[in-house]
Structures are given as structure tokens and as C-alpha cells.
Amino acid sequence: MLTSVVYCVGLIAFGRFVPFLIPWNLPYIRGHAIGHTFTRFKEADKIDQDIDVLVIGPSRAYRGYDPRIFRQCQWRLFNLGSSAQTPVQTAYVLDRYVAKIRPKLVILEVAPELFASDGNESMVDFISNAELDIELVRLALLQKNIGVYNTLLYRVFADMLGFNDGFVEENPSKSGDLYVAGGYVESNNRYDGKGRFESIDYSFASRQVRAFERIIQRLQEKEIPYLILRSPVPRARYEAVTNDSFVDGFFSKYGYYQNANESLKLPDSCFSDNSHLNQSGTNCYNEYVINLIKQRGYLNR
């Protein structure tokens with residue numbers, strides 16, 4: 001009993017006063033991580049209108065789909081992407097918000113590298129920044145990771161003790177990223193193209209595949225049309241993948257799928273880093289996506 005009390009007191013002290021001293025054991029990141037997850041979920045919780053397009057997936061989602069561009073077509077888009085979001089967390093997001101948002105179309109942004117992820121990074125992000133509910137706690141316990149457990153425990157105490165009261169996320173962030181209403185994060189940085197990429201052969205963990213299949217099943221049950229999209233990355237990164245035919249074949253089994261890396265060969269100047277689009281790249285990519293939606297007739301029904 002005494003050991004448990006000392007552990008909890010120590011955890012609270014570290015989390016409150018020296019949160020980055022032991023990040024591997026207490027990676028609590030409210031407002032300190034890129035991605036503006038806190039602000040995004042707060043905005044999503046206040047949505048009071050149906051949404052035309054819901055975007056879910058990892059960081060390429062919230063950095064690759066700009067609501068301001070879709071608004072030009074009179075479409076209301078909300079982006080519920082988050083950093084390193086794996087299918088396990090995507091399924092949670094869908095279950096939590098689909099009834100509230102009632103989207104006419106869902107865009108599933110897929111990053112094949114995250115199908116092999118343990119999901120710990122994304123789970124810490126959710127625990128730190130989203131409202132806790134029973135399902136999120138259950139998912140956290142299933143992670144079997146001490147950093148996730150400590151983050152959950154600290155979050156519970158932080159809420160009880162009022163540490164999080166009145167918190168407002170910095171915008172723009174220190175890196176210059178700007179959160180835009182609707183869940184998008186704008187970046188005007190420019191990738192220098194100097195990154196080197198080792199050859200990579202993607203593998204998919206069974207847990208993530210099962211979660212992805214649950215997402216597809218739930219969308220089909222609710223009769224919500226969806227697009228499975230893979231947004232562009234720098235050419236050098238894309239060409240380092242040795243089994244893209246397997247990846248494209250996998251996603252194609254689950255519905256209409258487009259790999260924009262094959263359709264849009266964007267220059268490095270369209271990226272903010274070695275993985276994400278900047279505003280210039282997003283403008284080009286969103287024009288491609290909007291034309292795709294129009295061709296498929298999803299929002300004309």
C-alpha cells in the first residue's frame with residue numbers, strides 16, 4: 001500500500017514539475033506535441049452540424065486535407081487525424097464521433113508503415129489530449145506499456161487536482177505550424193530533399209489489420225461511402241519501398257483506393273519534411289481529391 005502511494009506521489013511530482021526528465025516512462029504530452037490534438041478534439045466535441053467529409057488517419061491526414069479548400073465546393077470537411085494514428089485508434093475515433101458528425105463521406109488516409117506500429121505513441125497522444133472515456137481507458141490498458149499506463153494514471157490525477165483547468169494550446173506552435181478550424185494544420189516549411197532512405201518492405205500486424213477491417217465493416221453497416229487514400233510523400237521516400245504492389249493490393253481489397261504517389265509526382269518543394277505536405281503541396285493534392293470525389297459522385301447523392 002505504501003509503495004503504491006509513494007509511486008503515485010512520485011508520478012504526480014515528475015509529471016507536474018519535470019515532465020520531460022523521464023519521457024520514456026511518463027510521455028504525457030498535453031499541448032507539448034505537434035499536431036494540435038487537444039484543440040482538434042475540443043472543436044470536434046462542439047460540432048453541431050452534419051459534416052460532408054470526415055477525414056481520419058495519421059499525421060498525413062491532418063496535414064493533407066484543408067477544410068478551407070473544400071469549402072470552396074460548399075463542402076464542410078472536418079479532419080480527425082492525429083499523429084501516428086494507427087487503425088486501432090482510428091476505429092476508436094470513428095466510433096466516438098461518427099454518430100455526432102454524421103458524415104456524408106469518410107476519407108481514410110492510410111500510411112502503410114503504421115500498420116506495423118504498436119500504437120503507443122498515438123495512445124499517449126489520445127490519453128494526454130482527448131476527453132477520457134471508458135473505451136479509451138480500455139484501449140490504453142490493452143497496450144501493456146508502462147509509458148501508456150503512467151500517462152493514464154497521471155492524466156487521472158491531473159484532472160482530479162485541476163492541473164488541466166483552463167489549458168489553451170499554443171497556436172501557432174513554436175515550430176510555426178498553424179491550427180486551422182476544421183482540424184487542419186498548416187505548414188509553410190519547405191523540405192530540402194536531402195533525406196536518404198533505406199529500402200523498406202512493409203509488413204502489416206494482425207492487430208492493425210483486424211482494426212482496419214472493423215473500420216470498413218462499421219462504415220458499410222452505416223452505409224457511409226468512403227475513400228481509401230494514400231497521400232503523396234517525397235519521391236525518394238516512396239521509391240525506397242520494395243513491396244508497393246503488395247500494399248496497393250491489400251488496400252484495394254477493401255473498397256475504392258487511390259495511391260496518389262502514382263498519380264501526382266510532386267516536387268520536394270511541396271513537402272514540409274520527408275513525410276508531409278506543406279501548404280503548396282496540400283493545395284495541389286486537395287484539387288486532385290476534390291476532382292476524385294466529383295468523378296465518383298459521392299456528394300451528389
Side-chain angles (χ1 to χ4, degrees), residues 37 40-58 60-62 64-67 70-71 73-82 85-112 114-115 119 122-123 126 130-140 142 182-184 204-231 250-259 286 289-301:
T37 303
R40 182 176 299 105
F41 280 125
K42 280 293 184 185
E43 185 181 356
D45 289 335
K46 296 177 182 177
I47 289 177
D48 58 0
Q49 301 179 35
D50 292 357
I51 294 295
D52 295 303
V53 183
L54 172 63
V55 180
I56 45 181
R60 288 181 202 137
Y62 70 73
Y65 300 84
D66 186 343
F70 283 76
R71 199 177 300 133
C73 298
Q74 308 301 312
W75 296 341
R76 192 173 185 213
L77 178 145
F78 197 89
N79 200 316
L80 274 171
S82 64
Q85 187 181 114
T86 75
V88 169
Q89 288 82 42
T90 301
Y92 167 78
V93 168
L94 185 66
D95 284 345
R96 179 167 174 169
Y97 287 103
V98 70
K100 176 182 178 61
I101 290 178
R102 296 190 292 272
K104 299 181 179 70
L105 173 68
V106 169
I107 292 177
L108 287 167
E109 169 66 30
V110 292
L114 289 174
F115 276 68
S122 181
M123 189 56 64
F126 276 41
E131 289 297 320
L132 288 182
D133 60 19
I134 295 299
E135 180 60 16
L136 185 54
V137 172
R138 186 188 73 84
L139 288 176
L142 289 175
Y184 174 65
F204 289 8
S206 58
R207 180 188 181 215
Q208 300 296 351
V209 171
R210 290 194 300 269
F212 186 73
E213 290 175 341
R214 288 197 302 272
I215 294 166
I216 299 300
Q217 181 180 3
R218 288 164 189 169
L219 290 172
Q220 292 175 341
E221 289 173 350
K222 294 180 180 297
E223 299 183 338
I224 300 173
Y226 58 89
L227 285 169
I228 305 170
L229 299 182
R230 190 173 164 196
S231 61
F250 172 84
F251 289 123
S252 295
K253 294 187 301 183
Y254 295 98
Y256 187 78
Y257 164 71
Q258 284 291 304
N259 178 358
N286 283 191
V289 173
I290 286 170
N291 287 334
L292 192 62
I293 293 172
K294 288 180 177 179
Q295 291 168 10
R296 301 288 296 177
Y298 288 118
L299 297 179
N300 297 330
R301 299 174 183 176

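We use all heavy atoms of the structure for the numbers below, so side chains are in, but hydrogens, waters and symmetry mates are not.
For Arg102, the side-chain contact (heavy atoms from CB on, under 4.5 Å) partners are Asp50, not counting sequence neighbours. In this structure Glu213 satisfies the salt bridge (charged side-chain N to carboxylate O under 4.0 Å, His left out) test with no other residue, sequence neighbours excluded. Every ring pair (Phe, Tyr, Trp, His ring centres under 6.0 Å) that Phe204 has, sequence neighbours left out, goes to Phe115, Phe246, Phe250, Phe251. Every residue meeting the side-chain hydrogen bond (donor to acceptor under 3.5 Å, both in side chains) condition with Arg218, not counting sequence neighbours, appears here in chain and number order: Asp95. Taking Asn291 as the reference, Glu287, Gln295 meet the side-chain contact (heavy atoms from CB on, under 4.5 Å) condition, with sequence neighbours excluded. Qualifying side-chain hydrogen bond (donor to acceptor under 3.5 Å, both in side chains) partners for Arg230, counting only residues two or more places apart in sequence or in other chains: Asp244, Asp248.
Inspection of the Ser122 and Gln85 side chains reveals no N or O donor paired with an N or O acceptor under 3.5 Å. A donor atom on one side chain and an acceptor atom on the other are found under 3.5 Å apart for Gln220 and Tyr226.
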Let me see the working for Asp52 and Arg76 under salt bridge (Lys or Arg N to Asp or Glu O under 4.0 Å), right down to the final yes or no. CA-CA 5 Å; Asp52 295 303; Arg76 192 173 185 213; over 6 Å; no

Could you walk me through whether Gln258 and Leu227 pass the side-chain contact (heavy atoms from CB on, under 4.5 Å) test, one step at a time? CA-CA 8 Å; Gln258 284 291 304; Leu227 285 169; over 6 Å; no

Evaluate the side-chain contact (heavy atoms from CB on, under 4.5 Å) criterion for residues Tyr62 and Glu109: first the C-alpha distance (whole Å), next the side-chain angles of each, then the deciding distance (0.1 Å), finally the verdict. CA-CA 9 Å; Tyr62 70 73; Glu109 169 66 30; over 6 Å; no

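For the pair Val110 and Tyr257, the minimum side-chain heavy-atom distance is below 4.5 Å. Considering only heavy atoms from C-beta on, Val106 stays 4.5 Å or farther from Val98 through its side chain. Using a 4.5 Å cut-off on side-chain heavy atoms (C-beta onward), Tyr184 and Val55 make no contact. Within the 4.5 Å cutoff, the side chain of Ile56 has no heavy atoms near those of the Tyr97 side chain.
Considering every non-hydrogen atom in both Glu43 and Gly183, the closest pair reads OE1-N, 4.0 Å. Across all their heavy atoms, Tyr65 and Leu77 have their closest contact at O-CD2, 4.0 Å.
Taking the six-membered ring where tryptophan is involved, the planes of Phe70 and Trp75 are tilted, since the angle between them lies from 30° to 60°.
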